[in-house]
2 protein chains.
Amino acid sequence: MRALSTTPFVDERAVESCCPPLSERPLSSEEAEAAAQLFKALGDPIRLRLLSAIASHKDGEACVCDVSDVGVSQPTVSHHLRRLREAGLLISERRGTWIYYRVDPATLAAMGRILSAASAKA
Amino acid sequence: MRALSTTPFVDERAVESCCPPLSERPLSSEEAEAAAQLFKALGDPIRLRLLSAIASHKDGEACVCDVSDVGVSQPTVSHHLRRLREAGLLISERRGTWIYYRVDPATLAAMGRILSAASAKA
DNA sequence: GCTCTATATTGACATATCTCGAATCAGAGT
DNA sequence: ACTCTGATTCGAGATATGTCAATATAGAGC
């Protein structure tokens, strides 16, 4: 199992620089920028369907061919998978002919943390 | 005049038509479309800062003047608040001279549900 | 080497989004 | 009535994003 960039490669891992609960305190500009990258990655119906298809697939992973049936061209699917990977939401790995994707649960959890109620102030 | 609607007014309330956990099953096209509207609303750093400023403000509410200090013009702030309101994330109410915004916790909770691990399948 | 299949990248175009200044609306108080 | 202030809407320009067809890359197998 080698890696085809097991890790994302931009300034990704936005996770590490954001993610306190929204109601804990006003987000800093940097935190907001990092968090926005994550939410932007989920702000497209095709990407949500790809992510959901992978997350719900057997063993939590799927090759591109398993999830390509979303109504757009193959390059477009590839483009969206790349965006999800660059956001840190997906991890990819080549095994022989196929490339398998799976969800990075840490990133998903970080996003959930932002949305969590934290300590209600009222 | 459509009034400063306390309730959103598009086909909003996307909440009602989406939101199963991502890993439960592949999202339908309609569910993905509805959920994407929600995530798109959070996919901007200014909107995240506005939402966070409101959520963390005293009593969980704030007037525009309380949160306008995010580095963009006042019309731009208004535009972003409107987008958050149309997504169902904010509720607005005029009281005298000021208009107060507060977070709709149900919408936030629905988004959190999508991200939740649900039943891990592997 | 060659070919076949699976996936990624490039380049171009159309649409969506963010932003601003200017204008407008709404309520409070004189 | 007028004016002042808080907030929204309008119109336009710049940038970002989604999409495709064409091309390229990578591995398997002959």
Side-chain angles (χ1 to χ4, degrees), chain A residues 1-6 8-10 29 32-33 36-51 53-54 61-87 90-102, chain B residues 1-6 8-10 29 32-33 36-51 53-54 61-87 90-102:
Chain A
M1 305 190 183
R2 277 86 41 60
L4 164 93
S5 73
T6 300
F9 55 84
V10 199
S29 182
E33 190 65 54
Q37 291 303 320
L38 294 176
F39 285 108
K40 209 175 298 188
L42 293 192
D44 178 278
I46 300 290
R47 283 198 288 276
L48 280 172
R49 291 180 66 191
L50 290 170
L51 194 66
I54 293 166
E61 67 176 20
C63 70
V64 180
C65 57
D66 288 325
V67 298
S68 296
D69 190 22
V70 288
V72 293
S73 70
Q74 184 271 322
T76 300
V77 169
S78 188
H79 165 73
H80 285 305
L81 289 172
R82 180 217 260 255
R83 276 176 72 64
L84 288 168
R85 182 163 48 85
E86 288 181 1
L90 286 181
I91 295 169
S92 68
E93 179 190 347
R94 178 185 283 275
R95 288 209 291 275
T97 303
W98 295 276
I99 296 178
Y100 290 85
Y101 281 87
R102 61 196 140 76
Chain B
M1 282 259 97
R2 247 336 328 207
L4 222 197
S5 54
T6 299
F9 55 85
V10 199
S29 181
E33 190 66 53
Q37 291 302 321
L38 294 176
F39 286 108
K40 209 174 297 186
L42 293 191
D44 179 278
I46 300 291
R47 283 198 289 275
L48 280 172
R49 291 180 67 192
L50 291 170
L51 195 66
I54 293 166
E61 67 175 20
C63 71
V64 180
C65 57
D66 289 325
V67 297
S68 295
D69 190 23
V70 287
V72 294
S73 71
Q74 194 274 327
T76 299
V77 169
S78 189
H79 164 75
H80 285 303
L81 288 173
R82 180 215 261 255
R83 277 177 72 65
L84 287 168
R85 181 164 46 85
E86 289 182 0
L90 286 181
I91 296 168
S92 69
E93 178 189 351
R94 178 185 283 274
R95 287 208 291 277
T97 303
W98 296 277
I99 296 179
Y100 290 86
Y101 281 87
R102 58 193 142 76

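Proteins get letters first, then strands, A, B, ... in listed order; numbering begins at 1 in each.
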Counting only side-chain N and O atoms of B/R82, is one of them less than 4.0 Å from OP1 or OP2 of D/dA7? no
Counting heavy atoms from C-beta on, name the nucleotide in D/dC20, D/dA26, D/dG18 closest to the side chain of A/R94. D/dA26
If an axis is fit to five pairs at each end of the helix from C/dG1-D/dC30 to C/dT30-D/dA1, what is the angle between the two, to the nearest 10°? 20°
So, OP1 or OP2 of C/dT7: does either fall under 4.0 Å of a side-chain N or O from A/S78? no
Which nucleotide in C/dT19, D/dT8, C/dA6 has an atom nearest any side-chain atom of B/V72: C/dT19
Using a cut-off of under 3.5 Å, enumerate the N/O to N/O pairs linking the protein to nucleotides 28-30 of chain C.
none

Ignoring the backbone of B/Q74, work out which of D/dA7, C/dT7, C/dC20 is nearest its side chain. D/dA7
Can you tell me if the side-chain N/O atoms of B/H79 get under 4.0 Å from OP1 or OP2 in D/dC10? no
A/R82 and side chain to side chain donor-acceptor pair (under 3.5 Å): which partner among A/E86, A/H79, A/H80? A/E86
Between D/dT19, C/dT19, D/dG6, which nucleotide has the shortest distance from any of its atoms to the side chain of B/D44? C/dT19
Give the nucleotide from the list D/dA26, D/dT8, D/dC20 with an atom nearest to the side chain of B/Y101. D/dT8
Of C/dT7, D/dA7, C/dA26, the nucleotide closest to the side chain of A/V64 is C/dT7
Phosphate OP1/OP2 of C/dC18: any B/R47 side-chain N/O under 4.0 Å: yes
Given D/dT19, D/dA7, C/dT7, identify the nucleotide with an atom nearest to the side chain of B/C63. D/dA7
